[in-house]
Asker: 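Shown below is the structure under consideration.
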Amino acid sequence: MASRLENISQQRLDKLRRLKENGTDPYPHRYLRTHTTGQAVELLKQSEASGNNKETEVSIAGRITAIRSMGKSVFADLRDGSGKIQLLFQDINKYDKDQIRPFKDLDIGDIIGAEGTLLRTKSGEPTIRVADFTLLAKSLKPLPEKWHGLSNVETRYRQRYLDLISNTEARETFKTRSQVITAIRTFLNERGFLEVETPVLQPSVGGALATPFTTHHNALDRDFYLRIALELHLKRLIVGGFDKVYEIGRIFRNEGVSTQHHPEFTMLETYEAYADYKDVMAMLEEMVYAVSRQVLGDSKATAGKDVIDFKPPWRRISLRDAIREHSGIDFVEFPTTEKLVEKMRSLDIEVDPKKNWAKLVDELLKTFVRPKLIQPTIVFDYPIEMSPLAKSKQDNEQMVERFQAHAGGLEIANAYSELNDPIEQRQRFEDQMKERLGDDEEEWTIDEDFLLALEYGMPPTGGLGVGIDRLVMLLTNHQAIREVILFPQLREKSE
RNA sequence: GGGCCGCUAGCUCAACUGGCAGAGCAGCUGACUCUUAAUCAGCCGGUUGGAGGUUCGAGUCCUCCGCGGCUCACCA
């Protein structure tokens with residue numbers, strides 16, 4: 001027995017065959033439209049405002065999303081990238097004979113071009129009275145339900161095009177995402193930053209502590225890693241004399257997937273010579289504020305039950321004070337792993353015995369502090385163990401000039417005064433490798449070329465990393481990173 | 001990887017403590033010249049994610065598997 005989908009597809013294939021037999025090309029090459037639907041609606045408003053009673057002729061093109069047949073008159077909704085407009089096929093019997101057959105074979109989902117005159121129906125709907133139309137692409141599959149749209153999460157991700165056709169909210173989210181990136185580029189370009197592109201395939205990974213993806217280059221017969229950060233190459237460019245650089249690029253981390261993590265995501269990193277982390281704080285505030293106003297038209301964004309206001313200045317609190325405030329633990333009083341573990345256990349906090357002191361501090365931040373940071377908050381001054389690429393504070397060798405910005409309970413930015421002492425940098429890399437991989441230097445992957453670059457001299461520099469996906473989540477009120485990634489990674493579905 | 005939840009027509013959803021798998025939309029046929037979730041009449045449409053099991057009888061209970069969601073773990 002044929003399924004319903006097979007029936008529908010067969011019917012549409014029959015229509016396709018009929019159209020071809022009658023000389024209609026169901027997939028022609030181009031169509032000359034004079035207006036988008038949005039422009040057509042605007043044009044109608046203008047001519048109404050000017051009292052111009054002459055009927056304006058337009059041609060538009062898009063997908064038919066609804067058909068309402070009234071007998072001799074038929075209404076249809078047509079949507080393009082700018083919006084939608086209603087079509088009126090009035091007294092279809094008056095159409096040319098060779099148009100009637102194609103008209104009868106039109107389906108919801110087909111893409112057509114239509115020309116005609118603008119009018120407003122008595123219920124006020126902007127409409128084009130269609131004089132002639134052209135089939136531009138025959139659709140062979142039924143669209144999701146018109147009223148509820150497509151709600152199955154898995155299908156929305158696997159067939160994002162259906163999500164975009166059916167769900168206004170999805171369209172808006174990804175338009176916003178695009179606008180956010182444009183606004184960031186505008187902001188940075190106006191400040192004299194140079195946008196650059198650096199390698200995705202790298203012989204050694206650095207700039208973050210994350211598990212990389214590995215791949216293989218056949219001709220060179222060697223393995224490469226997909227980058228886990230942009231940092232080390234951008235700082236080479238600072239060495240090279242580009243004083244302000246940025247990159248907006250995809251990075252890859254071979255780690256767990258969650259509502260806040262995705263194996264490939266988009267990072268903005270900026271580096272500015274002769275600046276320090278305080279300059280970066282100010283720039284970040286201004287940038288997010290500018291982006292919010294440009295994209296949302298407001299400094300405030302709704303995030304679940306909260307309203308986040310990005311207007312500077314943001315609250316600033318040291319990591320030590322933040323953890324003390326929210327967990328009651330002053331980590332300065334517990335300067336060793338043993339003492340900190342003891343203190344945490346005394347407060348009934350479960351402690352992973354594999355974690356070192358820095359990781360425990362990080363856990364305190366993630367568990368007790370971050371979820372509370374709804375309004376934009378800059379948490380600054382981190383222990384040196386957590387930050388191998390950051391410059392230590394002048395008055396305290398154990399702390400570095402680093403901050404993370406949080407909003408809506410998410411970490412949205414990480415920044416520091418860049419360590420530019422090549423000897424100290426090498427030492428920090430080696431300490432880090434020992435910590436992670438032990439004394440077996442064969443296992444270490446240290447970016448020697450980066451260290452070499454530092455030896456030529458890098459100016460004092462302020463660096464910044466912003467998770468674009470998370471920023472977009474905040475600005476579009478989404479709680480899952482997959483909602484702001486067009487084609488999220490999913491397991492293959494076997495038949 | 002662990003825990004919990006989910007998967008029924010193309011889409012959105014029903015189906016009591018195990019008892020004939022149903023509706024709306026979409027589609028097809030017909031009526032209707034300003035409709036807009038059009039309306040009205042009729043019709044078509046199912047491997048209930050997959051494989052086993054229990055039972056007279058399984059969408060429903062059990063086991064295994066697949067995919068997804070949430071959550072924990074992981075995560076600079």
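Lettering follows sequence order; numbering is per chain, from 1.
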Asker: From CD of A:Gln10 over to P of B:G10, roughly how many Å is that when rounded to an integer?
Answerer: 16 Å

Asker: So does A:Arg120 pair up with A:Glu48, basic N to acidic O under 4.0 Å?
Answerer: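 A salt bridge is present here (some side-chain N lies under 4.0 Å from a carboxylate O).
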
Asker: Does B:C28 have OP1 or OP2 sitting under 4.0 Å from an N or O in the side chain of A:Lys15?
Answerer: yes

Asker: Please classify the nucleic acid contact of A:Tyr382 as base, sugar-phosphate, or nothing, using heavy-atom distances under 4.0 Å.
Answerer: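 Touches nothing.
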
Asker: Would you mind pulling out the nucleotide paired to B:C34, Watson-Crick or G-U wobble, both distances under 3.5 Å?
Answerer: none

Asker: Could you tell me whether A:Arg158 and A:Glu154 have a side-chain N and a carboxylate O separated by less than 4.0 Å?
Answerer: yes

Asker: At under 4.0 Å between heavy atoms, what does A:Arg120 touch on the DNA or RNA strands: base, sugar-phosphate, or nothing?
Answerer: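 Contact class for A:Arg120: none.
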
Asker: Determine the interatomic distance between C1' on B:C40 and the same-named atom on B:C32; round to the nearest Å.
Answerer: 9 Å

Asker: Pick the P atom in B:U33 and in B:C43, then give their distance to the nearest Å.
Answerer: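 Result for the P pair: 25 Å, nearest Å.
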
Asker: With sugar-phosphate meaning primed atoms plus P, OP1 and OP2, does A:Gly149 contact a base, only sugar-phosphate, or nothing at under 4.0 Å between heavy atoms?
Answerer: sugar-phosphate

Asker: Which nucleotide in the set B:U35, B:A37, B:G24 lies at the smallest distance from any side-chain heavy atom of A:Thr127?
Answerer: B:U35

Asker: I need the CZ-P distance between A:Arg129 and B:C34, as an integer number of Å.
Answerer: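 So the CZ-P distance, A:Arg129 to B:C34, works out to 13 Å.
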
Asker: Can you check the A:Glu492 CD to B:G50 C1' distance for me, whole Å?
Answerer: 18 Å

Asker: Would you measure the distance from the P atom in B:U17 across to the matching atom in B:U60 and give it in whole Å?
Answerer: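 Nearest-Å result for B:U17 against B:U60 at atom P: 14 Å.
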
Asker: Select one nucleotide: of B:A37, B:G24, B:A76, the one nearest the side-chain heavy atoms of A:Arg253.
Answerer: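 Looking only at heavy atoms from C-beta outward on A:Arg253, the closest nucleotide is B:A76.
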
Asker: Using atom NZ of A:Lys146 as one end and atom P of B:U35 as the other, report the distance to the nearest whole Å.
Answerer: 16 Å

Asker: Could you tell me whether A:Asp14 and A:Arg17 have a side-chain N and a carboxylate O separated by less than 4.0 Å?
Answerer: yes

Asker: Looking at B:U35, B:C28, B:C70, which one has an atom nearest to any side-chain atom of A:Arg482?
Answerer: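 Side chain of A:Arg482 sits closest to B:C70.
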
Asker: Tell me what A:Ile228 touches on the nucleic acid: a base, only sugar-phosphate, or nothing, going by heavy atoms under 4.0 Å.
Answerer: nothing

Asker: Measure from the side chain of A:Lys355, starting at C-beta and using heavy atoms only, and say which of B:C75, B:U35, B:U33 lies closest.
Answerer: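 Nearest listed nucleotide: B:C75.
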
Asker: What nucleotide among B:G24, B:G69, B:C28 has an atom nearest to a side-chain atom of A:Tyr157?
Answerer: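 For A:Tyr157, the side-chain atoms sit closest to B:G69.
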
Asker: Heavy atoms under 4.0 Å, any strand shown: does A:Asn414 hit a base, just sugar-phosphate, or nothing?
Answerer: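 It contacts nothing in the nucleic acid.
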
Asker: Determine the contact category for A:Leu150: base if any of its heavy atoms lies under 4.0 Å from a base atom, sugar-phosphate if only primed atoms, P, OP1 or OP2 are that close, otherwise nothing.
Answerer: sugar-phosphate

Asker: Nearest whole angstrom, please: distance from the P of B:U8 to the CD of A:Glu154.
Answerer: 10 Å

Asker: Starting from the 5' end of RNA chain B, give me the residue, A:Arg12 or A:Gln404, whose nearest nucleotide shows up first.
Answerer: A:Arg12

Asker: Answer yes when A:Asp381 and A:Lys393 have at least one side-chain N-carboxylate O distance shorter than 4.0 Å, and no when they do not.
Answerer: yes

Asker: For A:Asp77, is there an ion pair with A:Arg68 - N to carboxylate O distance below 4.0 angstrom?
Answerer: yes

Asker: Roughly how many Å apart are B:A21 and B:U47, using the P atom of each and rounding to a whole number?
Answerer: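 Pairwise P distance, B:U47 against B:A21, rounds to 14 Å.
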
Asker: May I ask you to verify whether the side chain of A:His261 and the base of B:C75 hold a donor-acceptor pair under 3.5 Å?
Answerer: yes

Asker: On a whole-Å scale, what distance lies between the P atoms belonging to B:A15 and B:C34?
Answerer: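 So the two P atoms sit 40 Å from each other.
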
Asker: For B:G68, take OP1 and OP2 only and decide whether either is under 4.0 Å from a side-chain N or O of A:Arg158.
Answerer: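 Yes, such a contact exists.
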
Asker: Name the nucleic acid region contacted by A:Asp77, choosing base, sugar-phosphate or nothing; use a 4.0 angstrom heavy-atom cut-off, strictly under.
Answerer: nothing

Asker: At less than 4.0 Å, is any side-chain N or O atom of A:Arg68 found next to OP1 or OP2 of B:U35? Yes or no.
Answerer: no

Asker: Using OP1 and OP2 only, check whether a side-chain N or O of A:Ser151 sits under 4.0 Å from B:C13.
Answerer: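 Yes, such a contact exists.
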
Asker: Under 4.0 Å, counting only non-hydrogen atoms across every strand here, what does A:Gln432 touch: a base, just sugar-phosphate, or nothing?
Answerer: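 Base, at least one base atom sits under 4.0 Å.
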
Asker: Got a donor-acceptor pair under 3.5 Å from the side chain of A:Glu125 to the base of B:U35?
Answerer: no

Asker: Paired with B:U55 by Watson-Crick or G-U wobble geometry, both distances under 3.5 Å: which nucleotide is it?
Answerer: none

Asker: For a quick check of understanding: with a heavy-atom distance under 4.0 Å over all strands, which category does A:Leu162 fall into, base, sugar-phosphate or nothing?
Answerer: nothing

Asker: Tell me whether A:Arg156 is salt-bridged to A:Asp163, with the criterion being a basic N under 4.0 Å from an acidic carboxylate O.
Answerer: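 Yes, this pair counts.
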
Asker: Is the A:Phe252 ring parallel, tilted or perpendicular to the A:Phe213 ring (thresholds 30°, 60°)?
Answerer: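 If you compare the ring of A:Phe252 with that of A:Phe213, the planes turn out perpendicular.
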
Asker: Could you give the CD1-to-P distance, from A:Ile108 to B:C11, as a whole number of Å?
Answerer: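 Interatomic distance, CD1 of A:Ile108 to P of B:C11: 16 Å.
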
Asker: Just to be sure I understand the rule, does A:Asp362 reach a base, reach only the sugar-phosphate, or reach nothing, if contact means heavy atoms closer than 4.0 Å?
Answerer: nothing

Asker: Using the C1' atom in both, what is the distance from B:G53 to B:G69, to the nearest Å?
Answerer: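 Those two atoms are separated by 28 Å.
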
Asker: Out of A:Asp362, A:Val361, A:Leu365, which one pairs with A:Tyr382 under the side chain to side chain contact (heavy atoms under 4.5 Å, CB included) rule?
Answerer: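 Per the side chain to side chain contact (heavy atoms under 4.5 Å, CB included) rule, the option paired with A:Tyr382 is A:Leu365, out of A:Asp362, A:Val361, A:Leu365.
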
Asker: Could you state the CE-P distance from A:Met70 to B:A37, rounded to the nearest angstrom?
Answerer: 13 Å

Asker: Could you tell me how far B:A26 sits from B:U12 if I compare only their C1' atoms? Round to whole Å.
Answerer: 11 Å

Asker: Could you tell me the Watson-Crick or G-U partner of B:G22, where both distances fall under 3.5 Å? Say none if there is no partner.
Answerer: B:C13

Asker: So, is A:Lys72 close to the B:C32 phosphate, meaning a side-chain N or O under 4.0 Å from OP1 or OP2?
Answerer: no

Asker: Rounded to the nearest angstrom, tell me the gap between atom CD1 in A:Ile481 and atom P in B:C75.
Answerer: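 Going from CD1 in A:Ile481 over to P in B:C75 covers 17 Å.
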
Asker: Nearest heavy atom decides the nucleotide; on that basis, is A:Arg491 or A:Lys366 closer to the 5' end of RNA chain B?
Answerer: A:Arg491

Asker: Report yes if a side-chain nitrogen or oxygen of A:Lys359 is closer than 4.0 Å to either non-bridging phosphate oxygen (OP1 or OP2) of B:C75; otherwise report no.
Answerer: yes

Asker: Can you see if the side chain of A:Thr259 gets near the phosphate of B:U71 - specifically, an N or O under 4.0 Å from OP1 or OP2?
Answerer: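 Checking B:U71 against A:Thr259, a side-chain N or O does come within under 4.0 Å of OP1 or OP2.
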
Asker: Taking A:Arg236 first and then A:Asp449, would you say they form a salt bridge - that is, a charged N and a carboxylate O separated by under 4.0 Å?
Answerer: yes

Asker: Write down the distance separating the C1' atoms in B:A14 and B:A23, rounded off to the nearest Å.
Answerer: 7 Å

Asker: Strictly by Watson-Crick or wobble contacts shorter than 3.5 Å, is anything paired with B:C7, and which nucleotide is it?
Answerer: B:G66

